[in-house]
Amino acid sequence: RQRLMQVRVNLERLRWLEKYLEPNLLIVDIAGARLLYVENGQVAWRTRTQVGTVGRQTPLLKSRITHLTMNPTWTVPPTIFRKDKLPAIRKDIGYLERSRMQVLNGQGQVLDPYSVDWSAPGNIMLRQAAGPGNALGRVAIRFANPFSVYLHDTPSQHLFGRATRTVSSGCVRVEGVFSLLDLLAADDSTRQRIEQLLDSGETRQVNLARLTPVLLAYWTVEVDVDGRLRFRADSYGLDQRVAEALERGG
């Protein structure tokens, strides 16, 4: 009974998603922690991802990829600053230097970390310099959305080997991200420019001529390439709400 309801829930999800599907599309399969690049209706490339934890879930959305940030800096989001970084700084202020982070005020001016009252820091930001240890790795893939999430490289490559990869703060970390850049770039000149900017080490933006649709979706049942039904763990606990609505509707 539980498996039949799981199938029913995911068929309902597919009904919702149908209007968002396009022949050429990048799909982030959140429950499966993987990425599918679809070309002319067929999966042309796939890879593993790291997605949001249960407490900081990767959102469901549809958008279009517009640009890349090469060698990005990382401005720490408020929630991560409050819950993760601030306790670490209070424990050891040297954490900032080891992490290559600057402290900025609300106007973007750099502050001396020792001048800040870390028990009540007020309106400040942390920004991590571009480089090998940056949380976003060497590239971020951007698309408009109200959640401030994006796809990106990561220095935490070892986590791709985990069976369960709900480890990020909401953004999607992509294994083999540079292969994805080749697919997103519409022509050889764009690919060459991407390579040059990566090698320069400078933080620069590359606008893409072809705006690839991107869909972040969640499903816990699929049919694999051999036609077999595959069930997944409902990491975010989203199946139950749909199941209850379906039961109420008969």
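A 4.5 Å side-chain heavy-atom check between Asp182 and Ile194 finds every atom pair outside the cut-off. Taking 4.5 Å as the limit, every side-chain heavy atom of Ile65 sits out of range of all side-chain heavy atoms of Leu211. No side-chain heavy atom of Gln109 sits under 4.5 Å from any side-chain heavy atom of Leu104. Between Leu36 and Leu26, the closest side-chain pair of non-hydrogen atoms is not below 4.5 Å. Side chains of Val214 and Phe143 form a contact here, defined as non-hydrogen atoms less than 4.5 Å apart. At least one side-chain heavy atom of Leu198 sits less than 4.5 Å from a side-chain heavy atom of Asn71. Using a 4.5 Å cut-off on side-chain heavy atoms (C-beta onward), Pro59 and Val149 make contact. For the pair Ile141 and Leu181, the minimum side-chain heavy-atom distance is below 4.5 Å.
No salt bridge links Arg138 with Asp153; every basic N to acidic carboxylate O contact stays at or beyond 4.0 Å. The pair Glu247-Arg241 does not count as a salt bridge, with every side-chain nitrogen at least 4.0 angstrom from each carboxylate oxygen. Salt bridge status for Arg48 with Glu175: present, with a side-chain N to carboxylate O gap under 4.0 Å. Salt-bridge annotation for Arg46 and Asp29: absent, with no side-chain N of the basic residue lying under 4.0 Å from a carboxylate O of the acidic one.
Here the straight-line distance linking atom CG of Leu86 with atom OG of Ser119 works out to 9.0 Å at 0.5 Å rounding. In this structure, the separation between CG on Leu111 and CG on Asn105 is 5.0 Å, given to the nearest 0.5 Å. Atom CD1 of Ile80 sits about 5.5 Å away from atom CZ of Arg56, to the nearest 0.5 Å. The CG atom of Leu21 lies 7.0 Å from the CG atom of Leu14; values are rounded to the nearest 0.5 Å. We find the SG-CH2 distance between Cys171 and Trp74 to be 9.0 Å, quoted to the nearest 0.5 Å. Between the CG atom of Asp239 and the CG atom of Asn10 there is a distance of 5.5 Å, given to the nearest 0.5 Å.
Follow the hydrophobic side-chain contacts under 4.5 Å out from Phe147 and you never reach Leu215; the two are in separate clusters. In the hydrophobic clustering of ILVMFWY residues, with side-chain heavy atoms under 4.5 Å counting as a link, Val28 and Leu60 come out together. Hydrophobic clustering (ILVMFWY, side-chain heavy atoms < 4.5 Å, transitive): Val110 and Leu96 are in distinct clusters. Cluster annotation: Trp219 is not connected to Val54 through the hydrophobic network of ILVMFWY side chains, with a link wherever side-chain heavy atoms come within less than 4.5 Å.
Crowding of Arg210 atom CZ: a count of heavy atoms from other residues, nucleotides or ligands under 6.0 Å exceeding 12. The local environment of CZ in Phe178 is crowded, with over 12 non-hydrogen atoms from other residues, nucleotides or ligands closer than 6.0 Å. The number of heavy atoms from other shown groups lying within 6.0 Å of CD (Gln2) is above 12.
For the 3.5 Å distance criterion, the side chains of Arg64 and Thr212 fail to qualify, holding no donor opposite an acceptor. In summary, the side chains of Arg127 and Thr75 do present a donor paired with an acceptor at a separation below 3.5 Å, with no hydrogens or angles considered.
Less than 6.0 angstrom separates the ring centroid of Tyr218 from the ring centroid of Tyr236.
Nearest heavy atoms, Thr166 versus Gly52: CB-O, 3.4 Å. Between Leu246 and Arg8, the closest heavy-atom pair is O-NH2, 3.6 Å. Of all heavy-atom pairs between Lys85 and Leu126, the closest is CB-CD1, 3.8 Å. For the residue pair Leu229 and Val7, the shortest heavy atom distance occurs at CD2-CG2, 4.0 Å. Looking at every heavy atom in both residues, Gly170 comes nearest to Ser168 through N-OG, 3.1 Å.
Judged as a side-chain contact (heavy atoms from CB on, under 4.5 Å), and not counting sequence neighbours, the contacts of Asp188 are Arg191.
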Anything under 3.5 Å between a donor and an acceptor, one on a side chain of residues 38-45, the other on a protein residue two or more places apart or in another chain? List them.
none

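Ring geometry, Trp118 versus Phe81: the interplanar angle falls from 30° to 60°, so the pair is classed tilted.
Judged purely by atom type and a 3.5 angstrom limit, Asn134 uses its side chain to pair as donor or acceptor with the backbone of Pro72.
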Evaluation steps, salt bridge (charged side-chain N to carboxylate O under 4.0 Å, His left out), between Arg15 and Glu12: CA-CA 5 Å; Arg15 186 175 69 83; Glu12 179 68 6; 2.5 Å; yes
One pair to check against salt bridge (charged side-chain N to carboxylate O under 4.0 Å, His left out): Asp187 and Arg193. What are the steps and the verdict? CA-CA 10 Å; Asp187 52 67; Arg193 182 159 182 254; over 6 Å; no
Please walk me through it: do Glu18 and Arg13 pass salt bridge (charged side-chain N to carboxylate O under 4.0 Å, His left out)? CA-CA 9 Å; Glu18 189 174 11; Arg13 284 202 182 102; over 6 Å; no
